[in-house]
Asks: 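Below is the structure I would like to discuss, written out as structure tokens.
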Amino acid sequence: MNSGKYPQLEIALNKISSNYKHMEKVCSTYGIAITTIIKGVNGLTKVAESMYKAGSSSFGSSRLHQLKNIKEHLKHIETMLVRIPMITEVEDMVKFVDISLNSEESTLEFINEVCKKNDITHKVILMCDLGDLREGIFELDKIIRVAKRIEFEFENVILYGLGTNLSCLGSIVPTVKNLSRLVNIASSIEENIGRKLQVISGGGTTSLPLVFNGEMPHRINHLRVGEGILLARDLKDYFKLDMRGFYTDTFVLHAEIVEVQIKPSYPIGTMFIDAFGNKPSYEDKGLRKRAIVAVGNQDIGSSTKLISKLHGLDIIGSSSDHVVMDYTDTNVDLKVGDIIDFELYYQALLFLTGSSDVSKVFKY
Ligand SMILES: *Cc1c(COP(=O)(O)O)cnc(C)c1O
């Protein structure tokens with residue numbers, strides 16, 4: 001663990017809990033419950049605690065150890081594993097995960113076996129693939145068949161609901177059309193098992209535009225929301241949604257300048273590939289004022305995921321440990337030792353919260 005002061009991630013817990021409250025209010029208006037997804041902050045206990053205090057009682061992550069940790073801290077919460085489980089983690093999973101997302105019959109069979117052995121039950125949300133082509137059962141008859149097996153054969157597994165994931169791999173947009181299909185599939189399952197499903201889980205943050213615009217198909221009653229609460233950035237910048245009432249400066253990176261020099265803007269010599277095998281391109285703008293901060297891709301993933309609030313500051317690029325900026329068009333004079341602030345996109349948040357080289361400072 002780095003004991004230095006910088007790079008420093010400032011975490012405004014008050015703003016995160018405010019975002020949670022606001023999101024909960026909007027969603028509950030439409031009868032939608034939220035599971036708060038904490039994998040984007042590596043399950044940071046204090047962040048989960050602040051949302052718990054703000055009223056969240058259901059937490060999800062792709063990583064089992066994060067759920068184990070918050071279940072130990074916040075005893076009465078519901079936990080949800082949102083990455084379909086590995087066979088090798090099932091024995092552990094059923095101990096502190098209440099609900100898991102699933103798409104494999106053999107895994108479900110094994111969950112049932114393990115639960116039986118321990119004399120417990122476990123809830124599952126069956127995932128169907130509506131075209132994004134990540135996890136989920138693709139064919140309708142197979143979804144129905146697996147749902148019936150869970151309901152009628154797997155005594156220790158409870159079919160809690162039906163779910164889907166969109167956007168993440170195939171970049172497929174959640175729409176009235178594909179989510180209505182989810183509702184129709186749920187209805188078919190219900191006819192086949194002779195009862196209603198508790199939950200129809202219509203995705204994550206990228207499904208929120210449908211909610212905000214009042215278009216979400218009626219029976220969708222659950223979403224798994226991470227980014228939309230933690231950063232509320234994608235909905236504003238990519239989906240052009242009116243996000244008044246949400247804070248986007250919940251996490252701010254403070255990085256220290258280690259070099260300030262005037263240099264040409266176009267590299268000199270034969271260009272080939274950069275530190276990561278990519279071929280960057282540069283525009284020749286002549287001599288420019290450049291500064292380097294001591295933070296790099298190991299901490300942020302990519303400098304394209306940093307947002308500078310300093311007007312005119314141009315982030316040129318980054319390697320493992322350096323981010324290089326052109327500050328010619330700003331109205332400030334930078335010097336070595338100065339601190340530069342950045343807001344973040346999701347990838348940078350994921351890397352920064354996971355990096356032991358980044359100090360974390362909590363604001364209440
Ligand atoms: C990560 C994840 C989510 C939450 O995604 P956000 O974009 O952060 O809201 C929801 N569901 C599944 C299956 C996930 O993997």
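Ligands are counted one by one from 1 in listed order, and the atoms in each one are counted from 1 as well.
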Asks: For ligand 1, list the protein residues that place a heavy atom within a distance below 4.0 Å of one of its atoms, sorted by chain and number.
Replies: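 Residues within 4.0 Å of ligand 1: Ile37, Lys39, Val82, Leu101, Arg134, Glu135, Asn165, Gly204, Thr205, Arg224, Val225, Gly226, Glu227.
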Asks: Taking ILVMFWY side chains as joined if any heavy atoms are under 4.5 angstrom apart, and letting links pass through other members, which residues group with Phe272?
Replies: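 Besides Phe272, the cluster holds Ile273.
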Asks: Hey, is Glu109 close enough to Arg149 for a salt bridge, meaning N to O under 4.0 Å?
Replies: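 Yes, charged N to carboxylate O under 4.0 Å.
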Asks: Tell me whether Asp132 is salt-bridged to Arg134, with the criterion being a basic N under 4.0 Å from an acidic carboxylate O.
Replies: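 Salt bridge between Asp132 and Arg134, a charged N being under 4.0 Å from a carboxylate O: no.
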Asks: Taking only Lys NZ, Arg NE, NH1 and NH2, and the carboxylate oxygens of Asp or Glu, determine whether Lys285 and Asp329 approach each other closer than 4.0 Å.
Replies: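 Salt bridge between Lys285 and Asp329, a charged N being under 4.0 Å from a carboxylate O: no.
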Asks: Would you mind telling me which of Glu72, His73, Lys71 makes a side chain to side chain donor-acceptor pair (under 3.5 Å) with Asn69?
Replies: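 Per the side chain to side chain donor-acceptor pair (under 3.5 Å) rule, the option paired with Asn69 is His73, out of Glu72, His73, Lys71.
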Asks: Indicate yes or no for a side-chain donor-acceptor contact from Ser100 to the backbone of Leu81 under 3.5 Å, with no hydrogens or angles considered.
Replies: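 No, the answer is negative, given that no donor and acceptor are paired below the 3.5 Å cut-off.
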